[in-house]
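Single-structure report; data block below.
Chain A is the first sequence line, chain B the second, and so forth, proteins listed ahead of strands; every chain is numbered from 1.
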2 protein chains.
Amino acid sequence: MSRNRTSIVDIARAAGVSKSTVSLVLQKSPLVSESTREKVNAHINDLGYIYNRGAASLRQSRSKIVGIVVNDLTNSFFAELAVGMDMVVQSAGYVQFLAHSGESVDRQREVISSMRENGIAGLILSPARGTESSDIKALVESGIPVVVVVRNLPGAKVSTLLSDNYAGAKAAVRHLIELGHQRIAFMGGFQDTAVFGERLRGYRDALQDADIPADERFIIHSAPSRAGGVAALERLIGIAERPSAALCLNDAVAFGVCDGLRANGLEPGKSFAIIGFDDVIEAKTAVPALTTVSVDPQGMGQRAAQLLLKQINSGQNDQESIVTSVRLVVRQSCGAPVKQPEEMA
Amino acid sequence: MSRNRTSIVDIARAAGVSKSTVSLVLQKSPLVSESTREKVNAHINDLGYIYNRGAASLRQSRSKIVGIVVNDLTNSFFAELAVGMDMVVQSAGYVQFLAHSGESVDRQREVISSMRENGIAGLILSPARGTESSDIKALVESGIPVVVVVRNLPGAKVSTLLSDNYAGAKAAVRHLIELGHQRIAFMGGFQDTAVFGERLRGYRDALQDADIPADERFIIHSAPSRAGGVAALERLIGIAERPSAALCLNDAVAFGVCDGLRANGLEPGKSFAIIGFDDVIEAKTAVPALTTVSVDPQGMGQRAAQLLLKQINSGQNDQESIVTSVRLVVRQSCGAPVKQPEEMA
DNA sequence: CTATATAATTGGAACGTTCCAAAAAGGTCA
DNA sequence: TGACCTTTTTGGAACGTTCCAATTATATAG
C-alpha cells in the first residue's frame, strides 16, 4: 500500500525554500545558485526522495516511456532485437514497456492500447502476423511516433526498419548454386508475411538468373521455429527427387532442419547443404556452424531505437524507411569447399 | 509532441454531465444509471477518448505497472520466464517494464531506480550475479512488494521463487549412476551463484550416496552459456581418465558440450552421456533430444507473477518462499552405453 | 401533499510535478 | 540615496484523474 512518499514540497519545507526551487534543482537548471543547490540536494538524499515521473509527465504531457512490442520473445532473433533496443532506450534515460504479442493480433491490440493509456512517447512494433495498417492508425494519428521493424506493414504511415531480405536470400541461393547445387529448397514460413515474401522472391530470382527452373514442391511451408523446421524436413524427405540443399526462412528453422536430418541419418553440411537467415548467436557455435545471412539483430534493435528517439526528440515524425544491408556468413552447414576443419576461431 | 488529448472533462461537456459521472462510468460503478452510462459511453467512443492511467495513479497513489528485471534475455530460459510473467501480468490488467540487466549490478541498480521513479506497483527480480540484499533494501522498505526468482538473494526480506536445484541435480546424477556411469563431471557455471552451489551440492551428495569418491578435476567452471559449454568440454578432453558422463549447469551449457563433443569426433548420447538443466523448448527437438531436469520456465514465470500480484492486491507483503519441484525428463542424450576408462583413452 | 428513504449526480480538493509571471535580492553606477 | 540592471526565488495555476461530502432527482409510504 505504498505509504505516502516524500514529495518535492517535503524537501522544500525541510530546506526552507519553495517547491519551485526544488524543481529547478531537480532539472539541473542553471538558474539556481550553487549554495541553495547544495542545500537542497543534501535534503533530497537525506529524506530518500524519489522523483515522481508520472506527475511530471502529467504536467508536461510528454513521458519518458517507450513501448516495444515484439511477436515472439522466445525466438532468439527477437530476444536479441529487444536487448539491442533496451540498450539505447535505457541509456537515453527512457524506460520501456516490453510486451510479447505471441503472433496474436488481438493480444497486440490490447497491449498497444494499454500502452497508450500509460502514455508512451513512442512505439517500436514488430507486427504480429496478420496485422493491418489500420491497427495502428489511431496511434499514429494521435501524433505518437511509431517505428515498424522486421516486418513490413504496407499502407501504414510510419517509419520502418527492415533488413534487406531480398538481397540476402538471393546471395545465399547464388552461393548454393556456385557450390554446384541444382535442386534447392526454400523451407519454413507462411505465405502471409512480408518477410517470407521478400526472401522467397530473392530465392526465385536467384534460381531464375541461373536458369534453373523453379519447382514448387521445393517450397515448404512451416512454422518459423525450430519445431517447424523439423516438420518441414519430414515433408521434404518424402519428395522423390529430393533437393540437395535448402535456404531456410530463418536460423531457427535451419536448426530444426539439421535436427531432422540427423534424425533421418543424414548429416547436415555433408549430405545436405543448409543456409539459415538472421545469424543468431548460436549460429557460430553450433555444430556444424551455420552458414547464414547475418542481419545483426542487436544492431538492428539499436538502430530502431535510435530512429524512434530521434523522432520523439525532433517532434516531427516524417516517415523514414531504412533497409539495413545483410551479409552472407559462410560457415560449415552449407558444405562449402572452404574446409578449415579445426578452425575454432 | 502529443497534442492535447481529450480528457474526461471534454466528454463530460459533450455528454452534458459532470466529470465525476464520467469517472464513475469509466470505473464501471453501479451508482450510475443505465441511461447516462450509455450516453457517456457513446461520447467516449465518439471522441476517441483515451484513459490517462498516469493521472489516475497520481491521484490514487497506486499504479498498474510491474517491473521485471531479468539478467539475460538472450538466454531462452529467461526469455521463457519473461513470457510466462507477461501472460499473467497482462491479463491482470497490468503492464510491465521489462529490463535486461546483462548480469551487471550497476545496470540493474539504474534500472530499478528508474522503475521506482515511474511508480511500479511491484517488482520481480532475477538478480544479476553479485547482487546484494542491500541493493533492494530501500525498495522493500518503501513497501513495494518484491519477488525474487531463479536465484536466491540471502538476507533480503522478500518472497522468493526458486526451483529445487538440489533435488534435480541429485536425481540427474543418480540416474547417470544407475546407467552405470562412475566418472561423472559437473560442467559449467561459476562459483558465486546460489544456483550453481545448489546444483553442485546435489551432484556431490548423489555421488556420496553411491560411495563414488568425488574428483575435483571433474568440476569444470565456465560461462553458463552455449559458448561456455564448448570451452568447458575442451578442458574436460584434456583430463587423463576422462569422465563418461556429465551433468551440465543448464541446457545452454549442455548444448555447447554436445557441440564440443561433435567437434572432437565424439557423439553425444553415444560416447558420452549428457544431462542438462531447465528444459528449454529446444531440448525436446534437438538431436539427440536432451535429457534434462525440467523446471518449466514459463510456468515458473507465471507463478512468480501470480505471487507478486497476490501481494500487490492483498497489500500485505508477508514474505513467502516457494521452491518449485522439478522433474527429470529422460530423453536420448544420456543413453550412453557405459564404457570402461581404458576404452576411452 | 409532506416526509423520508433511496438513487443518481456533482463540485471541489487533492495527488506531485512544471511553468509562467512576478517578486525579491543583490550589484553597479551616477 | 535612488535608479536600473542582473541574478535568484517564488506563488499559483495547470495537467487528468479520484474521492468525498453534499446536493438534487426519484420513488415510496403515510
Can a donor-acceptor pair be found, under 3.5 Å and without considering hydrogens, that links the side chain of [X] to the backbone of [Y]?
{"X": "A/Ser18", "Y": "A/Thr21", "answer": "yes"}
{"X": "B/Ser57", "Y": "B/Gly54", "answer": "yes"}
{"X": "A/Gln96", "Y": "B/Leu98", "answer": "yes"}
{"X": "A/Arg37", "Y": "A/Leu24", "answer": "no"}
{"X": "A/Ser63", "Y": "A/Gly119", "answer": "yes"}
{"X": "A/Ser159", "Y": "A/Glu320", "answer": "yes"}
{"X": "B/Glu80", "Y": "B/Pro297", "answer": "no"}

**Prompt:** Is it the case that A/Ser23 and A/Ser20 place a side-chain donor and acceptor less than 3.5 Å from each other?
**Reply:**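 Per modelled atom types, A/Ser23 and A/Ser20 side chains form no pair under 3.5 Å.
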**Message:** Any base atoms under 4.0 Å from B/Ser7, or only sugar-phosphate, or nothing? Heavy atoms, all strands.
**Reply:**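 Sugar-phosphate contact only - B/Ser7 comes under 4.0 Å of backbone atoms but never of a base.
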Expressed in angstrom and rounded to an integer, what is the separation of [X] atom [atom1] from [N] atom [atom2]?
{"X": "B/Lys64", "N": "D/dT17", "atom1": "NZ", "atom2": "C1'", "answer": "15 Å"}
{"X": "A/Arg5", "N": "C/dG16", "atom1": "CZ", "atom2": "C1'", "answer": "9 Å"}
{"X": "A/Arg116", "N": "D/dG16", "atom1": "CZ", "atom2": "P", "answer": "15 Å"}
{"X": "B/Leu47", "N": "D/dG16", "atom1": "CG", "atom2": "C1'", "answer": "15 Å"}
{"X": "B/Arg53", "N": "C/dC15", "atom1": "CZ", "atom2": "C1'", "answer": "17 Å"}
{"X": "A/Leu58", "N": "C/dA14", "atom1": "CG", "atom2": "P", "answer": "17 Å"}
{"X": "B/Asn118", "N": "C/dG16", "atom1": "CG", "atom2": "P", "answer": "16 Å"}
{"X": "B/Leu31", "N": "D/dT24", "atom1": "CG", "atom2": "C1'", "answer": "15 Å"}

**Prompt:** Side-chain contact, heavy-atom cut-off 4.5 Å: B/Thr324 with B/Val295?
**Reply:**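 A side-chain contact under 4.5 Å is absent here.
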**Request:** Would you mind reading off the bend of the helix from C/dC1-D/dG30 to C/dA30-D/dT1 from its two end axes, five pairs each, to 10 degrees?
**Result:**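 For the helix from C/dC1-D/dG30 to C/dA30-D/dT1, the axes at either end differ by 60°.
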**Prompt:** Run the side chain to side chain contact (heavy atoms under 4.5 Å, CB included) check on A/Val149 and A/Leu81 step by step: do they pass?
**Reply:** CA-CA 10 Å; A/Val149 291; A/Leu81 192 76; 4.2 Å; yes
Give me the distances for all protein-to-nucleotides 18-21 of chain C N/O pairs that come in under 3.5 Å?
{"unit_1": "C/dT18", "atom_1": "OP1", "unit_2": "A/Tyr51", "atom_2": "OH", "d": "2.8"}
{"unit_1": "C/dT18", "atom_1": "OP2", "unit_2": "A/Ser23", "atom_2": "OG", "d": "2.4"}
{"unit_1": "C/dT18", "atom_1": "O2", "unit_2": "A/Arg59", "atom_2": "NH1", "d": "2.2"}
{"unit_1": "C/dC19", "atom_1": "N4", "unit_2": "A/Ser20", "atom_2": "OG", "d": "3.4"}

**Item:** Residues from residues 33-44 of chain B lying under 4.0 Å of DNA chain D - heavy atoms
**Value:**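 Residues of residues 33-44 of chain B that come under 4.0 Å of DNA chain D do not exist, since none gets that close.
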**Asked** Considering only side-chain heavy atoms of B/Thr21, which listed nucleotide, D/dG16, C/dT9, D/dT10, is closest?
**Response**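 From the listed options, C/dT9 comes nearest.
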**Item:** Gap separating the CD atom of B/Gln302 from the CG atom of B/Asp86, nearest 0.5 angstrom
**Value:**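 Here the rounded value is 10.5 Å.
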